[in-house]
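Step one of this worksheet: look at the structure below.
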Amino acid sequence: MSSVLSALADALPADVLVTDAGIVDAYRRDRALTVQPGVPIALVRAASTEQVQAVMRVASAHGVPVVPRGAGTGLSGGSAAIEGCIVLSTERMRRIEVDAAAMVAVVEPGLLNAEVKAAAREHGLWYPPDPSSFEICSIGGNLATNAGGLCCVKYGVTTDYVLGLEVVLADGRLIRLGGRTVKDVAGYDLKRLFVGSEGTLGIITSATLRLRPPPPPATTVVAMFDEMVAAGMAVTDIVASVRPAALELMDRTAVAAVESVKPMGFDDSIGALLLAQADGGGDEAQRMADACDKAGATYVALTDDEQEAELLMGARRMAIPCIERLGTVLIEDVGVPLPRIPDLIAAVERVARERSTLIPVIGHAGDGNFHPLVTFDATDADATARAELAFDEVMRAALQLGGTITGEHGIGTLKARHLVDQLGPDVLDITRRVKAALDPQGILNPGKWV
Ligand SMILES: Cc1cc2nc3c(=O)[nH]c(=O)nc-3n(C[C@H](O)[C@H](O)[C@H](O)COP(=O)(O)OP(=O)(O)OC[C@H]3O[C@@H](n4cnc5c(N)ncnc54)[C@H](O)[C@@H]3O)c2cc1C
């Protein structure tokens, strides 16, 4: 047994340390299936903060890389294993305490997002951030990627709900940032630095999350268009005058892919499907419907029926796995300023045409955050090369439109080489200096983007 493994075995209970190759193999990848993971030396399924600290003390003493892992649903290769690393899974860290009077939940990272929502609901409260993967992703992963979702257009993303964090640093020290107060400006806002840091600065072992009263019932608007660009125009019009509670877009191929798995009666003629929700009362829903009509929608309907709405939103949430049935997918996560949405859609269509590559588009349109899904046959070398060029070109188009290469999935491994194009050398240099200050040996999720 190597000295690292024997040090881990000395520091941890036997059932926490796993070296069985078959089991470890299941923890090597996330959902960015094009990312080739390395082979870890061990998997640790930590059950407590103390065990996470023990792992980091051993890792820093031996200079061994550690890849933190939530549920492995990430779409950027953030939790993909690195050769010779320890994979540190938080799946057993599942404690939660809801303080209804303070309207907060103190959560451990291994809980699923859906479990946090359910616990809040038992107290008549709501935890809003709702990635489409909410039933399968961990709250730790949400914090580490600053996850977004469907209702974020109105209610904000993960970081907007973080009051406090407990983080284990690379050397095993435990720090506490923030607390339970709604307002707190003591010192730098370091908790925001850790939110979205993708496991490169520390391991989040607990978070104090803000809860809200549940939102009012929503009216759902469903609109169909012949063309995506027309739907994009409806989106820019809607967000200029209404605060939608959700505003989601799917193109022709995405609708057909979902329809083939879960038939809902959408026919082939639909070029784009826009799903919007309004919970602000008044004539919000009607104004959204009017904007769709004005942009040339071929069909617009409104419903207050919760089940029907959930069926439609469920179809949107299924889009990525349904499109993955069509081929290997490189998942984009670009974002643009809202008025540039039609330009982004047009640019994606141009790239798809020029590279003869299928690029279905879905997106949290109200945030200007889109997932063009570059879909190809990985057994065909030429198709793979064209897809890789298309992947790069879509990100470049987003940057040219004043946008970002990632709105919510993070940089991970997949977009690492593009980060400098967005940040520029000076900001990347400062980013690396922050990383070096917190993780001088570079053992936390190294070789990814920082
Ligand atoms: C079908 C589908 C739909 C999706 N829809 C959305 C969506 O709408 N919005 C969205 O934002 N994302 C979406 N995602 C992506 C993914 O679910 C999110 O990024 C999620 O936050 C990842 O959580 P996880 O627990 O799976 O994290 P993992 O994939 O395990 O890890 C993600 C990153 O966080 C780090 N990490 C994990 N836990 C910790 C911790 N405790 N401390 C420090 N670092 C940690 C990892 O090292 C890695 O870099 C979707 C994914 C799928 C498969």
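The structure presented is a predicted model; accordingly, all values stated were derived computationally and were not measured. Atoms within a ligand are numbered from 1 in the order they appear, just like the ligands themselves.
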Is the shortest N/O to N/O distance between [X] and ligand 1 below 3.5 Å?
X	result
Ile320	no
Leu75	no
Gly70	yes
Pro68	yes
Thr90	no

Exercise. Is there a donor-acceptor pair under 3.5 Å between the side chain of Asn146 and the backbone N or O of Thr159?
Worked result: yes
For this session: May I ask you to decide if Gly412's main-chain N or O and Glu198's side chain share a donor-acceptor pair within less than 3.5 Å?
Result: yes
Side chains of residues 210-221: which donor-acceptor pairs under 3.5 Å do they make with residues two or more places apart or in other chains?
{"from": "Thr219", "atom 1": "OG1", "to": "Asp304", "atom 2": "OD1", "distance (Å)": "2.6"}
{"from": "Thr220", "atom 1": "OG1", "to": "Gln277", "atom 2": "NE2", "distance (Å)": "2.9"}

Problem set entry | Test item, Thr145 contacting ligand 1 (heavy atom, 4.0 angstrom) | yes
Exercise. Is the closest heavy-atom distance from Met93 to ligand 1 below 4.0 Å?
Worked result: no
Exercise. Can Asp15 and Arg45 be counted as an ion pair, charged N to O under 4.0 angstrom?
Worked result: no
At a non-hydrogen distance cut-off of under 4.0 Å, which region of [X] contacts ligand 1 (side chain, backbone, both, or neither)?
X	result
Arg31	side chain
Ser197	neither
His409	side chain

For this session: Would you tell me which option among Gly141, Ala147, Ala319 has the nearest heavy-atom contact to atom 27 (O) of ligand 1?
Result: Gly141
Exercise. Can you find a pair of side-chain heavy atoms, one from Val67 and one from Leu88, that are under 4.5 Å apart?
Worked result: no
Exercise. Side chains of Tyr127 and Arg121: do they bring a donor and an acceptor to under 3.5 Å?
Worked result: no
For this session: Name the orientation class of the two ring planes belonging to His371 and His409 (parallel below 30°, tilted from 30 to 60°, perpendicular beyond 60°).
Result: parallel
For this session: Go through Asp429 and Arg432 one step at a time and tell me if the salt bridge (charged side-chain N to carboxylate O under 4.0 Å, His left out) criterion holds.
Result: CA-CA 5 Å; Asp429 174 53; Arg432 288 190 171 133; over 6 Å; no
